[in-house]
Amino acid sequence: MSLQSDVTTWRDYFDEYNIDTNNPDYLGTIKAVNGNVYSGAASYQPGTYSPYPFYTYTGQGIDHTDDALGGSKYVIQSSAGFTWTTTDSNGNGKYEYNTSGTLNSLTLGTAPEADHGAAPSAAYLTTFDGSSPLITVTGFNTAVDYVAHNSFGVADGNAAIAVTGTFASILSNAAYIDSSSLNAAIIYDLTFDNTNTQAFEYVLDKYLESKGSDITDSYAQIQTALAGSGVSITYYDQASSASGVTTTAVAQAETTHELLHAA
């Protein structure tokens, strides 16, 4: 087992029902800094193309024809709040994605069987299926800032990157975007999942390479490489009681069975 194989398995279970069709129902659910929870198109502020500033952004890929097939889920959390604004400053029909704040953690797992919506309901905002595995990345913002600077030559994860070359290849719907921060690319790719390599995969791979590891390495190798870096990537055999993200999970260095399975 490796981080890459688990991420690939997670992606296979994520796009269960045409997430990449640009249907606003699949835009996910946020817990906004104003304390409210918004889902789908309602997560965007009225009259804008920008989501409400948020603490939590989450989405899932349930099969809505047969929910027994399960589906993957992601949760991104920002401890101090995260703001994303979308503009078309030159009126050419292409957007600029501007962000502020940090994406402190990323969690990948399986959606709970009780939640079958196109976007997670408020009651299950950060809940995962308790019998299925989980991956957590803490200190994710450290990895994002490093890759933004060292791979794309900008200051940090909120600096604008022109949509060309490698960056275009890891950004969903790149033809509609003039520039984007790496943070925005990560969220946008998780939402629509229509690139060969998602932005978060690219970030993890490049950061691991900087530490002498690789996304194709085992978790034991990754843990060793990341020691003292402020970034950790942990595999959990079970999400356990699934009341939150990782509070009751039991960490496993590595297992021999797949990351995710049908619920």
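Positions are given from 1, in the same order as the sequence printed here.
- Applying the ring pair (Phe, Tyr, Trp, His ring centres under 6.0 Å) criterion to Y124, with sequence neighbours excluded, gives no partner residue.
- With sequence neighbours excluded, the residues that form a salt bridge (Lys or Arg N to Asp or Glu O under 4.0 Å) with E201 are R11.
- Residues satisfying the side chain to side chain donor-acceptor pair (under 3.5 Å) criterion with T99, sequence neighbours excluded, are N158, S181.
- Legend: residues meeting side-chain contact (heavy atoms from CB on, under 4.5 Å) with T138, ordered by chain and number and at least two apart, are S232.
- Partners of S105 according to the side chain to side chain donor-acceptor pair (under 3.5 Å) rule, which considers only residues two or more places apart in sequence or in another chain, do not exist here.
- For T195, there are no side chain to side chain donor-acceptor pair (under 3.5 Å) partners two or more places apart in sequence or in a different chain.
- In this view, Y97 and W84, Y188 satisfy the ring pair (Phe, Tyr, Trp, His ring centres under 6.0 Å) rule, not counting sequence neighbours.
- In terms of the side chain to side chain donor-acceptor pair (under 3.5 Å) criterion, D145 has no residue partners (sequence neighbours excluded).
- When the ring pair (Phe, Tyr, Trp, His ring centres under 6.0 Å) test is applied to Y38, the partners found at least two apart in sequence or on another chain are Y52.
- Under the side-chain contact (heavy atoms from CB on, under 4.5 Å) rule, Y202 has a single partner from V147, L182, D189, which is V147.
- Not a single side-chain contact (heavy atoms from CB on, under 4.5 Å) links N196 to another residue, sequence neighbours left out.
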Indicate every side-chain donor-acceptor pair of residues 203-215 with a distance under 3.5 Å to a residue at least two apart or in another chain.
from	atom 1	to	atom 2	distance (Å)
D205	OD1	I215	N	3.2
S210	OG	Y207	O	2.5
S213	OG	D217	OD2	2.7
D214	OD1	T216	N	2.9
D214	OD1	T216	OG1	2.6

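- In this structure, F200 has no ring pair (Phe, Tyr, Trp, His ring centres under 6.0 Å) partners at least two apart in sequence or on a different chain.
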